[in-house]
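Below is one structure, written out as structure tokens; comments come after it.
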Amino acid sequence: MKRIAVVVATLLLVGSAFAAKKVQITFWHAFGGGRTAFIQRMVEDFNYTHPNIEVKAEYKGSYRDTLNAAILAARQGSAPHIVQIFEVGSQLALDSGIFVPFEDYVPASLRFQLDDYIKPVANYYRIGGKFNSIPWNSSNPILYYNKTIFKKAGLDPENPPKTFGEVLKACDKIISSGAAPKCITWPLHSWFVEQWVAEQGALLANNENGRAARATDVYINSEAMKRIMTWWKEMYDKGYYAYSGKPEDWDGANQLFVSQQAAMEITSTSDVTFHQNAAFENGYELGTGFLPVPDGIERNGTVVGGASLWLTKDHPREELEAAVTFLLWFTNTENMVRWHKGTGYFPVLNTSVKVLEWERWFDRQPAYRAAFDQLLQSKANRATQGALIGPFPEIRSIIEDAVQSIFQGTPVDKALDQADAKADKALRDYNTSVGR
Amino acid sequence: METHSAYKSRWLPWVLLAPTLVILVVFLYWPTIETFRLSLFRVAFLGLRKTFVGLENYREIFTNPEYVRIFTQTAVFAVLVVFFSMAVGLMLSVLANQKVTGWRFYRLMLIWPYALSPAVAGVIFLFLFNPQSGIVNFFLGKLFGIRPDWLTEPALAMGVLVLAAVWKNVGYNVVFYLAALQNLPGEILEAALIDGATPWQRFWRVTFPLLSPMTLFLLVINTIYAFFEAFPFVDLLTKGGPNGATNILIFNIYRDGFEFFKTGLAAAQSVVLFVAVVVLTIVQLRFGERRVHYGG
């Protein structure tokens, strides 16, 4: 009897020892609201199916807040294992030296998953031939338009404008017919400028967009830029383009479109779900189309926007492996399908796309179609691969300032020359500060 | 050394002071010293990498026209905010000091905006002055047929910003001016009344000079407010735009420090702001003390 008790006690001890040996993984992300809950549900599923690993997901505020928090935590030696970092923070993250290349930790048996990324995504996040981080939420800008207003203005509701010139023509009709007080809106954000540069096959920085070697020169006064700004200025002067007056105001643009003050909006594909619901609630018909591009150029395609997940260094091997296990699970075929349906972000794996096609998802949800076709039709070149620039956040404000000064009447050439000089200085200062 | 008889032990006062001192050192003195130190470095990634550069950061902010412009804008903003929040505060408190029907209600309503957080106030103004769907343009459009792009025009954007900052702080000034008005010696005002002074003379010759200690106090407080607490308004309303026209120092420090990772430059700007406000406060107190009439 006593012996049995000893055995039971030993088993209990061993059992509790195993229970206590759960590997703890922290994961910081930048998704608030409904997406926090969505991520939480996925994480719980993982923890349930992986009894030896316990992942804790925490919402850390905006992309910038999350990155700052991660750097500060790393300084104090308490970095989370996994951090979500926005695409333009990639060079910054590499330079910070607090991360390890994700690809080095992928076990051979799961490497096939790395070959499954759709091309534009792999192109963006494979830096120096290697996945330093795992692509997660990816998006593009597309055109959303109000079919009800299009009909009122006598425009073909099934044929949205595809070029800058066509947008102008459509706007002539929408405004002159009084179908809507403003024609089109998009956030005054450098992201759209970057996309239009890529569509024209132009680069944003030297050394092949900073992909062949570290960028040392930013191209803000290029022909491609001038084309964009001249058109934008004309749209603004004619009262066709509307924005809230605040740079980077995504909600302000959505508000203008949803309240039917503007007939069209250019914004991220990650808002498809939001816009479908809003159209239903406000009683108008929603259409989506490709991002309009300058006339007479060949469409090169868009750059992947969004964020990826990075692995921080200085953790025991065991923890890093557990983190990789989680990341590969979190972005596997079925979870990418789930993520896409729940948020509108792209399914970034070829196999996920196949699943969705087999389910006839894109036929049933035509609004997602434009978003996805546009991405898949992107040509793989340095332009659409996207620029790697360390001080990208600062370059973005410089571009946004230039747009506003053009609105106020500064000639396009002059505004862009000034912005170019400022951006080059910012890049020089940054490169010096990281010792290059 | 003579010690106070209340304390038997030499250590007891220190023990009692300790919590306060610890908080001051950890949250005030140490960060201040650290800011001074960081301002002499070129810092990458919030301090992951540092190189000593001496006064280079200061040279940059005093010679770069961008920063000079920010200083000018900060000064314009501060002067406007301080002047209007005090003038309007004084005017409203004189009105609210009258015993008219419903005075309790008026006083409550005047103080109310102060109880709102600046973030909430900022969002309210963002909605009010939205060019397409804001209520201000709705009425302006109905009445005069104009719909200004409030946040796209540099002067208008600055105006909206000043308005928001003033609106938020007027309640504070009303509270203090009201308290001061109620404590004014009634006999002096009565004497002036008997001598046949007009209401205008009574206010400027009697009331206003008697309020001068309060005015000096509020001047210092409002100056500090204008320099340090305008951040949420800029961040929520304009992000420093259009084209940097509403970029003021406190916002730029945040941006350089936490968005652009130029921590050394941000630290140098903090030091400049710190010194400017200290100097300004000393000047106000020195200069003010001579003119203030403390009554009694």
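To find a chain, count down the sequence lines: A is the first, B the second, and so on, and within it residues start at 1.
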Item to complete: Decide, yes or no, whether a salt bridge links Glu66(B) with Lys422(A) under the criterion of side-chain N to carboxylate O below 4.0 Å.
Response: yes
Applying a strict 4.5 Å limit to non-hydrogen atoms, the region of Leu67(A) in contact with chain B is side chain
The interface call for Glu400(A) against chain B, heavy-atom contacts under 4.5 Å, is neither
If one checks every heavy atom of Phe392(A) against chain B at 4.5 Å, the contacting part turns out to be neither
What one should report as the nearest heavy-atom pair of Ala44(B) and Ser433(A) is CB-O, 3.6 Å
#### Entry: Lys414(A) atom NZ, neighbour heavy-atom count above 12 within 6.0 Å
no
One should read off an interatomic distance between Asp401(A) CG and Asn247(B) CG, to the nearest 0.5 angstrom, of 8.0 Å
Fill in: Other residues, nucleotides, ligands: >12 heavy atoms within 6.0 Å of Phe84(B) CZ
no
| said: Please evaluate residues Lys239(B) and Asp249(A) with respect to the criterion side-chain contact (heavy atoms from CB on, under 4.5 Å), reporting the C-alpha separation (whole Å), side-chain torsions for both, the decisive distance (0.1 Å), and the verdict. | reply: CA-CA 10 Å; Lys239(B) 299 243 177 238; Asp249(A) 188 4; over 6 Å; no
### Query
Does the pair Arg255(B) and Ser397(A) meet the rule for a side-chain contact (heavy atoms from CB on, under 4.5 Å), with working shown?
CA-CA 10 Å; Arg255(B) 231 178 20 176; Ser397(A) 320; 4.0 Å; yes
Honestly, the part of Pro391(A) sitting under 4.5 Å from a heavy atom of chain B is neither
Whether Asn243(B) side chain and Gln404(A) backbone form a donor-acceptor pair below 3.5 Å:
no
Residue pairs passing the side-chain hydrogen bond (donor to acceptor under 3.5 Å, both in side chains) test with at least one member in residues 147-160 of chain B, sequence neighbours excluded, are Asn137(B)-Trp150(B)
| Side chains of Gln132(B) and Pro181(A): closer than 4.5 Å at any heavy-atom pair? | no
>> Counting only heavy atoms from other residues, nucleotides and ligands, does the tally under 6.0 Å from OH of Tyr236(A) exceed 12?
In response: yes
Checklist entry - Would the number of heavy atoms belonging to other residues, nucleotides or ligands and lying under 6.0 Å from CZ of Phe228(B) be above 12? => result yes
Whatever's closer than 4.5 Å to a heavy atom in chain B on Ile98(A) counts as side chain
- For atom CZ of Phe274(B), is the number of surrounding heavy atoms from other residues, nucleotides or ligands below 6.0 Å larger than 12? no
Okay, Ser259(A) and chain B: the region with an atom under 4.5 Å from a heavy atom over there is neither
**Stepwise salt bridge (Lys or Arg N to Asp or Glu O under 4.0 Å) check, Glu394(A) with Lys262(B)** = CA-CA 10 Å; Glu394(A) 191 178 355; Lys262(B) 299 195 285 194; 2.7 Å; yes
Scored by heavy-atom pairs under 4.5 Å with chain A, the best of Pro154(B), Gly134(B), Ala157(B) is Pro154(B)
Output for pair (Ser62(A) OG, Glu259(B) CD), nearest 0.5 Å, gives 8.0 Å
message: Please evaluate residues Leu237(B) and Lys246(A) with respect to the criterion side-chain contact (heavy atoms from CB on, under 4.5 Å), reporting the C-alpha separation (whole Å), side-chain torsions for both, the decisive distance (0.1 Å), and the verdict.
response: CA-CA 7 Å; Leu237(B) 284 166; Lys246(A) 183 167 77 159; 5.7 Å; no
Distance col, row Ile398(A):CD1 vs Phe260(B):CZ, nearest 0.5 angstrom, shows 7.5 Å
Pair count under 4.5 Å, heavy atoms only, with chain B: among Lys182(A), Gln261(A), Arg75(A), highest is Arg75(A)
**Asked** Is the shortest side-chain N to carboxylate O distance from Glu60(B) to Lys425(A) below 4.0 Å?
**Response** yes
message: Is it true that, when you exclude Phe27(B) itself, more than 12 heavy atoms of the residues, nucleotides or ligands shown sit nearer than 6.0 Å to its CZ?
response: no
Residues Leu151(B) and Ser244(A): closest non-hydrogen pair is CD1-O, 3.8 Å
When the 4.5 angstrom heavy-atom criterion is applied to Phe258(B) and chain A, the contacting part is both
